[in-house]
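Read through the structure below, which is laid out as structure tokens, and then see the notes.
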Amino acid sequence: MGETDSFFSNKSAKIFVAGHRGLVGSAIVRKLQSLDFTNILVRTHADLDLTRQSDVESFFAAEKPRYVVLAAAKVGGIHANNTYPADFISINLQIQTNVIDSSYRHGVKKIIFLGSSCIYPKFAPQPIPENALLSAPLEPTNEWYAVAKIAGIKMCQAYRIQHGFDAISAMPTNLYGPNDNFHPENSHVLPALMRRFHKAKVEGAKEVVVWGTGSPLREFLHVDDLADAVVFLMGNYSGLDHVNVGSGKEVTIKELAELVMEVVGFEGELVWDTSKPDGTPRKLMDSSKLASLGWSAKISLRDGLVDTYKWYLENVKQ
Ligand SMILES: NC(=O)C1=CN([C@@H]2O[C@H](COP(=O)(O)OP(=O)(O)OC[C@H]3O[C@@H](n4cnc5c(N)ncnc54)[C@H](OP(=O)(O)O)[C@@H]3O)[C@@H](O)[C@H]2O)C=CC1
Ligand SMILES: C[C@H]1O[C@H](OP(=O)(O)OP(=O)(O)OC[C@H]2O[C@@H](n3cnc4c(=O)[nH]c(N)nc43)[C@H](O)[C@@H]2O)[C@@H](O)[C@@H](O)C1=O
């Protein structure tokens, strides 16, 4: 098909989904398949290490994908971000630099880069509008990862300005769902608690430890909603500025813990470990820009948790 084809009109265009075995990448592959896209290109981390510039160059030269969804990254929760700052800044800068630059050099028609709500200042106005970027200092527990993600946004903007390359950026809020990372220390709060409550239920434990004070507010989005938004943006947005992707609903960590506890069926007590960091006090994103384009989230937190726990029971070795 010629240069005039649009994302949704050419279902056989080659789409490289980087990070297809992760939480986000796997949901994007499911979404594309459900929409009858037939030419999805994937590589495992073992087959193509995206931090290796010459390997990424050779891959793009050989495969010539038409579209790219960049969902490969070094990702983790508050503890992992705080403990491995060098990994979070260097791996992410390398992956995104290699993939965005190779995409441009090898004729990719459009790329979407995924950042995160942690790009915004620790004390940003709430809900956080896109223009809060770089307006005040970052949250220290994840500033290394945030700086890499901010560089990714700026790289997309720079390539659009200098080269006319259709590179867009989406900033998702905290995500969860099938294929999440359930590691006890390095994961995000929702999968960590699901695993801990499940283990406590199975073992008949009386209490479960939850980190911090329970007061921070977080906005959660099911990854199937995020995948829907990413595909929507590929088809409907080509602007310079990044776009927030949130559910618009926030809960305290205490409320989240109580909801996960209920869905899992654990009936003991919560114990708060206040030696662990709370991180940013609140990060509700203003997703009105995406809403004005015609997209909004559909999956409630309760429904999403039920779905994720079912997936956990069926797929994660207990
Ligand atoms: N999870 C969340 O709550 C949020 C995620 N995001 C963003 O969404 C994107 C995807 O995150 P998520 O799906 O949660 O992360 P995951 O860790 O679930 O998946 C990341 C994927 O990237 C792959 N990967 C990592 N390093 C490399 C590498 N050097 N070469 C090739 N592949 C690599 C991983 O493979 P392997 O496991 O084999 O290393 C994995 O398949 C990220 O950009 C993240 O910033 C944004 C906001 C919130
Ligand atoms: C998506 C976003 O995710 C990260 O930021 P975060 O929102 O702070 O991430 P988190 O999910 O790890 O924690 C949320 C809250 O929950 C509390 N909490 C309680 N108990 C557990 C617990 O058991 N594990 C974890 N991880 N947190 C816990 C925890 O103390 C904190 O108050 C970024 O680093 C970065 O990766 C990023 O962009």
Side-chain angles (χ1 to χ4, degrees), residues 17-28 42-52 55-56 59 69-82 87-88 90-92 94-96 98-99 112-120 122 139-146 148-149 152 169-197 208-221 223 226-227 230 245-246 252-254 256-257 260 270 272-283 285:
V17 180
H20 72 289
R21 296 215 282 208
L23 171 68
V24 171
S26 61
I28 288 169
V42 293
R43 285 290 183 278
T44 63
H45 188 160
D47 286 339
L48 176 63
D49 183 342
L50 295 167
T51 64
R52 295 180 180 270
D55 293 355
V56 176
F59 166 76
V69 178
L70 179 43
K74 172 77 182 166
V75 179
I78 194 166
H79 172 78
N81 271 268
N82 219 3
D87 290 352
F88 277 84
S90 68
I91 293 173
N92 286 313
Q94 290 174 67
I95 292 176
Q96 68 204 35
N98 292 340
V99 173
I112 186 163
F113 166 71
L114 292 172
S116 159
S117 57
C118 73
I119 59 159
Y120 292 115
K122 177 172 181 137
E139 153 61 31
T141 54
N142 56 32
E143 64 176 311
W144 322 98
Y145 173 77
K149 292 294 185 183
S169 304
M171 296 306 116
T173 187
N174 291 42
L175 306 170
Y176 68 97
N179 291 315
D180 210 340
N181 168 12
F182 291 86
H183 189 278
E185 281 88 38
N186 293 336
S187 70
H188 291 105
V189 60
L190 194 154
L193 292 185
M194 187 167 281
R195 176 193 164 124
R196 216 172 288 148
F197 286 133
V208 159
V209 173
V210 188
W211 299 355
T213 61
S215 67
L217 285 152
R218 292 291 183 274
E219 177 190 19
F220 293 93
L221 181 73
V223 75
L226 186 265
V230 165
V245 186
T252 63
I253 295 302
K254 179 168 184 286
L256 175 77
V260 178
L270 297 180
W272 295 93
D273 177 358
T274 52
S275 70
K276 294 285 198 300
D278 270 344
T280 200
R282 188 180 179 198
K283 50 175 175 177
M285 295 211 292

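Throughout, residue positions are numbered sequentially from 1 according to the sequence presented. Counting convention: from 1, in listed order, for ligands and their atoms alike.
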> If you measure from atom 29 (C) of ligand 2 to every heavy atom of G212, P216, P277, which option wins on shortest distance?
Replying inline: P277
>> Counting only nitrogen or oxygen atoms and a 3.5 angstrom limit, does L193 reach ligand 2?
In response: no
> Is there a heavy atom in K283 that sits closer than 4.0 Å to ligand 2?
Replying inline: yes
> Does the side chain of I253 reach to within under 4.5 Å of the side chain of S215, using non-hydrogen atoms?
Replying inline: no
>> Which residue and atom name correspond to the protein heavy atom nearest atom 15 (C) of ligand 2, and how close is it?
In response: I253 CD1, 3.6 Å
> Nearest to atom 18 (N) of ligand 2, what protein heavy atom do you find, and at what distance?
Replying inline: V189 CG2, 3.4 Å
> Checking side chain to side chain contact (heavy atoms under 4.5 Å, CB included) for the pair H79/N186: CA distance, chi angles, key distance, verdict?
Replying inline: CA-CA 6 Å; H79 172 78; N186 293 336; 3.5 Å; yes
> Hey, is E139 touching ligand 2 through its side chain, its backbone, both or neither, going by heavy atoms under 4.0 Å?
Replying inline: neither
>> Is it the case that the side chains of N81 and T141 hold a donor-acceptor pair, with the cut-off being a distance below 3.5 Å and no angle test?
In response: no
> Going by the order shown, which atoms of ligand 2 are within less than 4.0 Å of some heavy atom of R218?
Replying inline: 6 (P), 7 (O), 8 (O), 14 (C)
> Between I78 and ligand 2, is there a nitrogen or oxygen pair with a distance under 3.5 Å?
Replying inline: yes
>> Counting non-hydrogen protein atoms only, what is the nearest one to atom 4 (C) of ligand 2? Give residue, atom name and distance.
In response: H188 CD2, 3.9 Å
>> Test of understanding: given a 4.0 Å heavy-atom threshold, classify the contact between A146 and ligand 2 as side chain, backbone, both, or neither.
In response: neither
> How about E219 and T173: does a side-chain donor come under 3.5 Å of a side-chain acceptor?
Replying inline: yes
> What is the closest protein heavy atom to atom 36 (O) of ligand 2, and at what distance does it sit?
Replying inline: G76 O, 2.7 Å
>> Please find the pair of heavy atoms, one from P184 and one from A192, that lie closest to each other, and give the distance.
In response: O-CB, 4.4 Å
> At a 4.0 Å threshold, what atoms of ligand 2 neighbour a non-hydrogen atom of G77?
Replying inline: 12 (O), 34 (O)
>> List ligand 2 atoms under 4.0 Å from R196, heavy atoms only on the residue side.
In response: 22 (C), 23 (O)
>> For the 3.5 Å polar cut-off, considering only N or O atoms, please tell me whether E185 and ligand 2 meet it.
In response: no
> Near ligand 1, which residues have a heavy atom under 4.0 Å away from one of its atoms?
Replying inline: G19, R21, G22, L23, V24, H45, L48, D49, L50, T51, A71, A72, A73, V75, I95, L114, G115, S116, Y145, K149, P172, T173, N174, L175, H188
> atom 26 (N) of ligand 2: which protein heavy atom is closest, and how many Å away?
Replying inline: S187 O, 2.9 Å
> Taking it one step at a time, do F88 and N142 satisfy side chain to side chain contact (heavy atoms under 4.5 Å, CB included)?
Replying inline: CA-CA 9 Å; F88 277 84; N142 56 32; over 6 Å; no
>> Which heavy atom of R21 sits nearest to which heavy atom of N179, and what is that distance?
In response: O-CB, 4.3 Å
>> Show the atoms of ligand 2 that are less than 4.0 angstrom away from any heavy atom in N174.
In response: 1 (C), 7 (O)
>> Please state which option from F88, Y145, W211 has its nearest heavy atom closest to atom 21 (C) of ligand 2.
In response: W211
> Quick one: nearest non-hydrogen protein atom to atom 34 (O) of ligand 2, plus distance?
Replying inline: N81 ND2, 2.9 Å
>> For the 3.5 Å polar cut-off, considering only N or O atoms, please tell me whether N142 and ligand 2 meet it.
In response: yes
>> Please list, in number order, the atoms of ligand 2 under 4.0 Å from a heavy atom of A192.
In response: 22 (C), 23 (O), 24 (N)
>> I need the nearest protein heavy-atom contact for atom 32 (O) of ligand 2: residue, atom name and distance, please.
In response: D278 O, 2.6 Å
>> Are the side chains of L270 and F197 in contact, using a 4.5 Å heavy-atom criterion?
In response: yes
> To which protein heavy atom is atom 38 (O) of ligand 2 closest, and what is the distance rounded to 0.1 Å?
Replying inline: S116 OG, 2.4 Å
>> Show me which atoms of ligand 2 lie under 4.0 Å from any heavy atom of C118.
In response: 38 (O)
